[in-house]
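Everything on this sheet refers to the single structure shown next.
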2 protein chains.
Amino acid sequence: MAPAAGNVAHMSEAVIDDEVAVLLDAVDQRYTTGRRRLVAALQEGVGPLTINEISATDENLPQSSIYRNLAVLEEAGVVTRIVTNDDFARYELAEKLTAHHHHHLICTACGIVVDFELDGRVERTLDQALAGAAKEAGFTPMDHRLDLLGLCRDCQ
Amino acid sequence: MAPAAGNVAHMSEAVIDDEVAVLLDAVDQRYTTGRRRLVAALQEGVGPLTINEISATDENLPQSSIYRNLAVLEEAGVVTRIVTNDDFARYELAEKLTAHHHHHLICTACGIVVDFELDGRVERTLDQALAGAAKEAGFTPMDHRLDLLGLCRDCQ
DNA sequence: ACCTGAAATGAGAATGATTGCCATTTTAAA
DNA sequence: TTTAAAATGGCAATCATTCTCATTTCAGGT
């Protein structure tokens with residue numbers, strides 16, 4: 001685990017980097033330059049990024065390596081793959097690393113995805129309700145996903 | 001609108017059929033035999049179905065027609081396209097027709113999707129919280145989507 | 001620093017869900 | 001019925017993603 005973080009809003013880049021190294025090591029993977037650049041690109045994004053957005057952010061990352069390394073990073077629990085409604089998968093740093101459980105505002109017109117957080121009280125209410133529903137259906141709950149679909153400021 | 005339904009849990013097939021006809025008519029589309037078979041197939045499913053599942057349900061539907069007609073039906077607001085985390089899009093009848101706002105339990109192992117409903121109180125709490133978050137981000141909210149990810153009874 | 005085998009890389013080929021095309025069939029309305 | 005427009009279905013094309021493999025980089029022992 002990372003050292004106690006006090007009340008800072010975000011883990012520092014350095015701390016995240018250390019965490020990533022640990023997570024990769026746990027699945028016998030190296031934290032190479034390409035993977036570092038990938039993590040950096042995702043850190044800069046305001047929300048989950050598509051492969052193309054990552055490519056645009058960092059010209060030196062070949063597409064095949066982006067795909068392969070995002071798969072490795074996902075396997076290691078470093079990134080999360082997000083599927084919205086358009087044809088492009090998106091990736092963001094795992095909540096484990098950002099320390100922010102959050103959800104997504106998805107623009108149905110341009111596809112952009114923006115993060116938001118829910119009030120803790122609402123989140124707990126939701127969790128309970130979901131646990132109940134899962135139990136009833138014989139599901140073992142692992143995670144949940146809440147998206148708001150709408151139009152972003154630019155697409156109204 | 002459909003006639004007042006009293007307290008029945010489901011719209012009858014006939015009523016749904018009428019609604020579909022109206023919705024298609026509104027976008028100048030015909031309610032052909034193939035489209036009727038598609039709607040029937042979706043009505044039988046316990047949750048959203050993939051193209052393959054629909055094909056399996058009704059041998060007489062050619063794949064290209066399934067794709068094309070699902071697109072038409074979605075355009076008309078008859079069906080909703082669901083994207084989970086696997087590689088297959090899924091389709092279900094629009095909530096407008098089933099009269100049940102619901103969410104999905106998604107098995108991360110086999111991909112099966114099962115419907116469930118949330119308590120009205122929780123749903124309202126959620127709506128308010130989402131409206132607030134949307135406003136803050138300059139989004140115009142249109143819909144929301146809540147999925148529980150976990151393991152189904154068979155995949156534990 | 002130098003080997004050396006294993007892991008990672010990157011360019012391009014292959015895969016596969018989805019979409020587009022078009023000749024034929026069906027439909028609705030005159 | 002005739003007829004023009006819409007729908008169909010088989011197949012080709014598209015395109016995000018995955019696979020392949022020859023080359024490069026890495027880690028760890030010397």
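Proteins get letters first, then strands, A, B, ... in listed order; numbering begins at 1 in each. These values consider heavy atoms only, across backbone and side chains, with no hydrogens, waters or symmetry-generated copies.
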Rounding to an integer number of Å, can you tell me how far [X] [atom1] sits from [N] [atom2]?
X: B:E53; N: C:dA17; atom1: CD; atom2: C1'; answer: 15 Å
X: A:N60; N: C:dA8; atom1: CG; atom2: P; answer: 20 Å
X: B:L24; N: D:dA7; atom1: CG; atom2: P; answer: 9 Å
X: B:Y67; N: D:dC15; atom1: OH; atom2: P; answer: 16 Å
X: A:Q63; N: D:dT17; atom1: CD; atom2: C1'; answer: 8 Å
X: B:R90; N: C:dA17; atom1: CZ; atom2: C1'; answer: 14 Å
X: B:F88; N: C:dT18; atom1: CZ; atom2: P; answer: 8 Å
X: A:I54; N: D:dA16; atom1: CD1; atom2: C1'; answer: 14 Å

For this session: Using only heavy-atom distances, determine whether the side chains of B:E117 and B:H103 contain a donor-acceptor pair under 3.5 Å.
Result: no
Exercise. Between B:I51 and A:G34, which has a closest nucleotide on DNA chain C that is more 5'?
Worked result: A:G34
Seminar exercise, completed: Ranking B:A89 and B:T32 by the position along DNA chain C of their nearest nucleotide, the one closer to 5' is B:A89
Exercise. Taking all non-hydrogen atoms of both residues, which atom of A:L105 and which atom of B:A133 are closest, and how far apart?
Worked result: CD1-O, 4.3 Å
Exercise. If you take all heavy atoms of B:T84 and B:I106, which pair is closest and at what distance?
Worked result: CG2-CD1, 3.7 Å
Exercise. Taking only side-chain nitrogens and oxygens of A:Q29, does any of them come within less than 4.0 Å of OP1 or OP2 of C:dA8?
Worked result: yes
Problem set entry | Phosphate OP1/OP2 of D:dT8: any B:R30 side-chain N/O under 4.0 Å | no
For this session: Establish, yes or no, whether the cationic atom of B:R153 lies under 6.0 Å from the six-membered ring centre of A:F139 and within 45° of the ring axis.
Result: no
Which is true for [X] with a 4.0 Å heavy-atom rule: it touches a base, it touches only sugar-phosphate, or it touches nothing?
X: B:S65; answer: base
X: A:A71; answer: nothing
X: A:N69; answer: sugar-phosphate
X: B:R68; answer: base

Problem set entry | Base C:dA11 to side chain A:S64, donor-acceptor N/O within 3.5 Å cut-off | yes
For this session: Could you tell me whether B:R90 and B:E53 have a side-chain N and a carboxylate O separated by less than 4.0 Å?
Result: yes
Problem set entry | Of B:D87 and B:T33, the one whose closest DNA chain D nucleotide lies more 5' | B:T33
